[in-house]
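See below for the structure under consideration.
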Amino acid sequence: MTDTRFDPSQSDGHWQLAWDKAGTFNADSNSPKPKSYVLEMFPYPSGRIHMGHVRNYAMGDVLARYKRMRGFEVLHPMGWDAFGMPAENAAMEKNVHPGGWTRQNIETMKAQLKRIGFALDWNREFATCDPEYYGHEQALFLDMYEAGLVYRRSSEVNWDPVDMTVLANEQVIDGKGWRSGAEVEKRKLDQWFLKITQFADDLLEGLGSLDDWPEKVRLMQENWIGKSTGLEFSFDLSNGDKLPVYTTRPDTIFGSSFCAIAADHPLAQSVAASDPTALEFIEECKRGGTTAAELETAEKLGFDTGITAQHPFSGEALPVFIANFVLMDYGTGAVMGVPGHDQRDFEFATKYGLPIARVVASDVADADKPFAGEAEAGDGLLVNSDFLDGKSVADAKADVIARAEAGKWGQGTTVWRLRDWGISRQRYWGTPIPFIHCAQEGGGCGVVPVPKDQLPVTLPDDVDFQTPGNPLERHPTWKHVNCPKCGGTAERETDTLDTFTNSSWYFLRFASQPDDRPFDPEEVAKWLPVEQYIGGVEHAILHLLYARFWTRALQHCGLLTLAEPFASLFTQGMVTHETYSRDVYDDGPDHPRTRFFTPAEVDRGGESASLKSDGAPVDIGRVIKMSKSKKNVVDPDNIIDTYGADAARWFMLSDSPPERDLPWSEAGIEGCGRFVQRLWRLFESADAAARGEDKTLDRKSHQTIAAVADDIEALSFNKAVARIYELTGAAEKAAPSASRNFAIRTILLLVSPMMPHLAEEAWHKADWARAGSDGLIADAAWPELDEALLVEDEVTIAIQHKGKLRDTITAPKGAAKEDLEALALASEKVQRSLDGAEVRKVIVVPDRLVNIVT
RNA sequence: GCGGGUGUGGCGGAAUGGUAGACGCCGGGGACUUAAAAUCCCCUGAUCCUAUAGAUCGUGCGAGUUCGAGUCUCGCCACCCGCACCA
């Protein structure tokens, strides 16, 4: 036996090259094997791979490699979600081209991924900024346009007047642009929309079929879609107009004591036209903040318009208020106020002294029970409600809706929270929207789609980012084209598509990549749905909902037969680390600023930490997600340099359950590095000539084969890891025998999806393990399981008395209850515990325990 | 406010209602070595103790069901995540 060490710096690259050369992980759609599509959310090429990526892809990788071992033809692709704002930000800050910056990042990150040895089919790699990709996306967009799923309308946006660009809601901080700091304006712009609301019901219904999605994600999408049913009806107003309102509680209609409309409701606008105080109130409403904290504390404010609304049943005149808590973009932008049974209405009525009537009570006898300072939104029986008295809430709802419909003054309706998807972005680095605005007099041909044979509409390269605004808009030539219809002068659409469209169909393009169309439905059908999709929970709503929508929309267009793209979804936890910081006073003694330090800059010992450079202490902060801004990051390249790819992969899979956060620790990765060497020594210690059987070890081996397979399929990698540690310990202690060699060979195969480089190295070094085959362990089959060996022939029986463990005994498996009882009572420890007490009852669970009750 | 999740040693975490703490990390002791690194072995929930043994307590808190509860039921508490004036 030689005392060698496994050297990742030699082996890792060697085997990565061997897999590349052999095309080991290239997926063949014509293979007769059953198919399995394993996919991790593709990365945005931001610069470098971080530990979160490593964890995400390590999980998918183990599954992909495992599936191959189980005889599946596996599709495990990788690509780049390459359009987006960071590239344009870099362009502005560093005066580089977004494309060049992105390509450079892709190159860096691809090299990093290759160093980790992921089993990816690089033949199918693409970046969404490739004209070949976004050209097909433009074609799909036109297909959706033809199917009536794309439209254009004027819509309000957040406009940054300094950067001259539209901001997403999350880019508006305290009413100011996140980059420029300028006061954000509301502007009306013509925007493109995708009709996702047409599929609201399908998308909601479809959630019910996604049994292998986390409950949490399904609930989040359900809430986002936000289906509600109720009554829409119109009040007759004192000024002769009609006021449509929507309510989910038509049963409480007799409790209505006012109406409230949104500040930007047309009626409010018309009132403001002749009443400056109304106008002032509306302006005040618009100034109100929209943050969670502000909303929570915001007082309910109203402005009495002097107009009244006639109650449809009682005929009573209800005052109509403009109110700050009514939203224009939900329902009709107007509500009937029922203070007794809606908390907002209650607060409003209390402030303005409006009647608060009880129309629902737990019992008819409680009809006049006062309210305890808040509205009662719960179920009960109707009271003080004329013909509804005594009915249940549900019956009363149905009754009111029926009467409204019969009287033709209202309609039972469904209202959705989901809005159509605005996909226009006034930016350069995205998919150009393939439309042309005809500029002929009298409106000309209007908005004309780019003919498909002129796709792709490519981005111009010669753009500058030193002037604010959309570079496409001010490019000297790009937008000037002829109208495809009349040939007259026309202009290209200069908006680009939201980057979420890029990630809404990439999984189809991975499965099938013809040149002449986006994908081949037959090829797609071979691979999809994705068997296991893995990514961060931050995509629970937008990306995952949009991808589901696109799949259904393409199905609607007749391009696909698939409704749901991802059969099973897994959302993994983050990689976390403590933060190190110190307050510095660079801006003067009264202006402390927190400066963060990377773990590499810090000496960490016991309770304290100090900076390596000056030896002075730093503050140790909470364990949080690794992020550049908090500098609590560990670079995968450094880790691989020190410990090798396998140790890094192993650490990502160990200890923490995959859905939970994984705290990075130096000690943890060191331990993994040691385990790699420990396994290597074990592999080296095998004695091919050893003979003889070790039944206990054989059992352990087979039990581990079964358990690790179950654990990997359940994505419980931490448990699989623990099992492998156990078998490793047992094999190390065992004397040389054929059984021990089998155990070692088993470990080699079981760890091969997790530590593929070490496994290849050992596999090729040990002839006996390969059993004559020249192949790679990456092509080896999962070890065969001997079911008979899963069962123990002897079991340990626990003996309890007074609910506590008193003794354990060993008995043959399947021993009779009477025998177990006798053995238990014969135990000296049990007798001591019994201390002569009378045995009233004995409970025997075969092969498990004996419980003596006195 | 609504919805969801989590809570077990010093730490990460295991446990079909049936021996709580598997496995790993940290720590302690020992072996090997001139020494160190590496490696190997042993110990490692708390308390008591007449200490190779034994007893009591122990899975956020309080009740309950059960022969038996980390696990099931009810009521609380804390923390985390998502949504949020959605009528």
Side-chain angles (χ1 to χ4, degrees), chain A residues 3 5 214-220 222-224 226-228 230-231 245-249 252 260 262 288 290-292 294-296 298-300 323-327 329-338 341-345 347-348 374 377 415-418 537-538 540-541 606 623 650-651 654-657 659-672 674-675 677-678 681 716 718-729 732-733 796-809 829 832-833 840-845 847-854:
Chain A
D3 182 25
R5 286 175 63 81
E215 180 71 16
K216 178 190 169 93
V217 174
R218 286 187 303 183
L219 280 166
M220 282 165 74
E222 191 180 319
N223 292 337
W224 189 261
K227 182 180 186 172
S228 84
L231 172 69
V245 297
Y246 170 74
T247 177
T248 56
R249 293 293 303 272
T252 62
T290 51
T291 66
E294 283 167 324
L295 288 178
E296 204 149 326
E299 197 180 5
K300 303 283 177 286
N324 66 345
F325 66 92
V326 181
L327 305 174
D329 59 358
Y330 183 80
T332 61
V335 299
M336 69 170 194
V338 183
H341 305 283
D342 180 284
Q343 184 57 30
R344 292 156 304 180
D345 297 347
E347 289 168 27
F348 189 80
E374 57 181 15
V415 167
W416 305 85
R417 212 183 75 103
L418 186 68
V537 73
E538 66 273 19
I541 297 174
V623 177
W650 187 252
F651 185 38
S654 304
D655 294 346
S656 285
E659 68 278 9
R660 283 206 219 165
D661 289 350
L662 173 71
W664 177 271
S665 76
E666 201 57 35
I669 184 66
E670 277 172 20
C672 293
R674 279 199 298 272
F675 184 63
Q677 299 302 335
R678 189 176 147 201
R681 285 191 300 276
S716 299
N718 57 321
K719 290 189 224 168
V721 162
R723 302 276 189 186
I724 291 169
Y725 274 119
E726 281 188 61
L727 183 57
T728 301
E732 282 170 340
K733 288 184 181 70
T796 306
I797 308 283
I799 304 170
Q800 296 182 347
H801 172 228
K802 289 188 197 161
K804 286 196 174 55
L805 182 73
R806 301 297 163 178
D807 199 3
T808 57
I809 54 173
K829 289 176 184 172
R832 204 184 314 148
S833 175
R840 292 193 358 238
K841 197 174 167 188
V842 179
I843 287 144
V844 182
V845 182
D847 297 335
R848 279 256 175 219
L849 64 68
V850 179
N851 192 359
I852 299 163
V853 186
T854 54

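Computed from a prediction, not measured in an experiment: that's the story for all the values here. Just so we're on the same page: letters track the sequence lines, and every chain starts at 1.
In a base pair of the Watson-Crick type (N1 to N3 plus N6-O4 or O6-N4) or a G-U wobble (N1-O2 and O6-N3), with each distance short of 3.5 Å, B/rG24 is matched with B/rC11.
You'll find that the side chain of A/K216 is closest to B/rC81, out of B/rC81, B/rA20, B/rC85. Listed nucleotides B/rA14, B/rC40, B/rG4 differ in distance to A/R678; the shortest reach to its side chain belongs to B/rC40. Of the candidates B/rC85, B/rA14, B/rC86, the closest approach to any side-chain atom of A/R417 belongs to B/rC86. Distance from the side chain of A/R806 is smallest for B/rA55 among the nucleotides B/rA55, B/rC40, B/rG24. The side chain of A/I843 lies closest to B/rG18, out of B/rC25, B/rG18, B/rU19. For A/K719, whose side chain is taken as the heavy atoms from C-beta onward, the closest listed nucleotide among B/rA14, B/rC23, B/rA87 is B/rA14. The side chain of A/K300 approaches B/rC85 more closely than any other nucleotide in the set B/rC85, B/rC23, B/rG54. Comparing B/rC23, B/rG18, B/rG12 by their closest approach to the side chain of A/Q800 singles out B/rG18. Between B/rA14, B/rC86, B/rC23, one nucleotide has an atom nearer to the side chain of A/N718 than all others, and that is B/rA14.
For A/F675 and B/rG12, the CZ to C1' distance is 17 Å, given to the nearest whole Å. What separates CG of A/L849 from C1' of B/rU16 is a distance of 14 Å, to the nearest Å.
Nucleic acid contact for A/L219: sugar-phosphate only, since backbone atoms but no base atoms lie under 4.0 Å from a heavy atom of the residue. Across all strands, A/V853 comes closer than 4.0 Å only to sugar-phosphate atoms, never to a base (heavy-atom distances).
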